[in-house]
Amino acid sequence: MSLLNLSLNELHKRLTAGEITASDLTEASLERIQEVDDVVGAFLLVDEEGVREKARELDERLQDSERIGSLTALPVGIKDNISTEGLKTTCASEMLANYIPIYNATVIDKLMDAQALVIGKVNMDEFAMGSSTESSAFKRTTNPWDTERSP
């Protein structure tokens, strides 16, 4: 069974028991994104190198620590209007196509404190002015179950 089919509770149990690692979860997520995102178009940016490095660092820290929080090692996608230090944050707009923030939004700091792993930035309507991604400057996100090429 794929790690991605497990509940968060089950993933947490396996992580706590040492049956899986942050790197395992990260790789499973990256593989799934690679498999389906051409059809779905959910991600504007996937930080493969950065999230792999952070997962390896987290794996090392977890070997020395007994504390594993409920969000520890869970890869998360962040809406593209939330500021992420060092990661392009475009608000799905051509105007901000090359903007890289020098600080994190509070929610990102809290996720990092909880040891979650930011895997990338997800698509949205430009400046969050809608809910369908029809007005994204970069691409439209689709429901994979509404397409002929369902992943």
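Numbers here are sequence positions counted from 1.
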Notebook entry, point to check: Taking all atoms of both residues into account, what is the closest heavy-atom pair of Thr84 and Lys121, and its distance?
Noted result: OG1-NZ, 3.0 Å
Notebook entry, point to check: Side chain of His12, backbone of Ser7: donor and acceptor closer than 3.5 Å?
Noted result: no
Item checked: Side chain Asp80, main chain Thr90, donor-acceptor under 3.5 Å -> yes
Next item on the list: Provide the closest heavy-atom pair for Ile119 versus Pro75 in the form atom of the first, atom of the second, distance.
Entry: CD1-CB, 4.0 Å
Notebook entry, point to check: If only atom types and distance count, is the side chain of Asn81 paired as donor or acceptor with the main-chain N or O of Phe127 below 3.5 Å?
Noted result: no
Notebook entry, point to check: Among the clusters formed by ILVMFWY side chains lying less than 4.5 Å apart, do Val76 and Ile68 turn up in the same one?
Noted result: yes
Notebook entry, point to check: What is the distance from atom CG of Leu11 to atom CG of Leu4, rounded to the nearest 0.5 Å?
Noted result: 8.0 Å
Margin query: With rounding to the nearest 0.5 angstrom, report the CG to CD distance, Asn104 to Glu85.
Written below: 5.5 Å
Note to self: To the nearest 0.5 Å, what is the distance between CZ on Arg61 and OG1 on Thr72?
What the structure shows: 9.0 Å
Checklist line | 4.5 Å side-chain heavy-atom contact, Ile78 and Val107 | finding: no
Next item on the list: Using only heavy-atom distances, determine whether the side chains of Thr89 and Ser83 contain a donor-acceptor pair under 3.5 Å.
Entry: no
Notebook entry, point to check: Between atom OG of Ser93 and atom CE of Met129, what is the distance when rounded to the nearest 0.5 Å?
Noted result: 12.0 Å
Note to self: Has Thr26 got a side-chain atom pairing as donor or acceptor with Ser23's backbone, closer than 3.5 angstrom?
What the structure shows: no
Next item on the list: Kindly check if the number of other-residue, nucleotide or ligand heavy atoms within 6.0 Å of NZ (Lys110) is above 12?
Entry: no
Margin query: For Ala105 versus Ile82, what's the shortest heavy-atom pair and its separation?
Written below: CB-CG2, 3.7 Å
Item checked: Under 3.5 Å: donor-acceptor pair, side chain of Asp59, backbone of Ala22 -> yes
Margin query: Tell me whether Ile102 shares a hydrophobic cluster with Met112, the cluster being built from Ile, Leu, Val, Met, Phe, Trp, Tyr side chains joined at under 4.5 Å.
Written below: no
Margin query: Could you check whether any side-chain N or O of Asp47 sits under 3.5 Å from a backbone N or O of Leu87, counting only pairs where one atom can act as donor and the other as acceptor?
Written below: no
Checklist line | Distance in Å, Asn9 CG paired with Ser70 OG, rounded so as to fall on 0.5 Å steps | finding: 9.5 Å
Item checked: Short side-chain donor-acceptor distance under 3.5 Å, Thr21 and Asp24 -> yes
Next item on the list: Please determine if Asp125 and Lys79 form a salt bridge, counting it only when a charged side-chain N lies under 4.0 Å from a carboxylate O.
Entry: no
Margin query: Grouping I, L, V, M, F, W and Y whenever their side-chain heavy atoms are under 4.5 Å apart, do Val122 and Leu44 come out in a common cluster?
Written below: no
Check: Is the closest side-chain heavy-atom distance between Arg32 and Asp37 below 4.5 Å?
Finding: no
Item checked: Same apolar cluster: Ile108 and Val46, side chain cutoff 4.5 Å -> yes
Margin query: Would you compute the distance between atom OG1 of Thr133 and atom CE of Met124 and round it to the nearest 0.5 angstrom?
Written below: 10.5 Å
Next item on the list: Establish whether Phe138 and Leu96 are linked, either directly or via other cluster members, by ILVMFWY side-chain heavy-atom contacts under 4.5 Å.
Entry: no
Next item on the list: Determine whether more than 12 heavy atoms belonging to other residues, nucleotides or ligands lie under 6.0 Å from atom OH of Tyr103.
Entry: no
Notebook entry, point to check: If you look at every heavy atom in Lys88 and Ile100, which pair is closest and at what distance?
Noted result: CA-CG1, 4.1 Å
Note to self: Heavy-atom count check: over 12 atoms from other residues, nucleotides or ligands less than 6.0 Å from Glu49 CD?
What the structure shows: no
Next item on the list: Tell me, with the steps shown, if Leu117 and Leu74 meet side chain to side chain contact (heavy atoms under 4.5 Å, CB included).
Entry: CA-CA 6 Å; Leu117 297 170; Leu74 295 178; over 6 Å; no
Item checked: Salt bridge present between Glu10 and Arg14 (N-O < 4.0 angstrom) -> yes
Checklist line | Arg52/Glu27 salt bridge by N-O under 4.0 Å criterion | finding: yes
Margin query: Looking at Lys139 and Phe43, would you say the former's side chain and the latter's main chain have a donor-acceptor pair under 3.5 Å?
Written below: yes
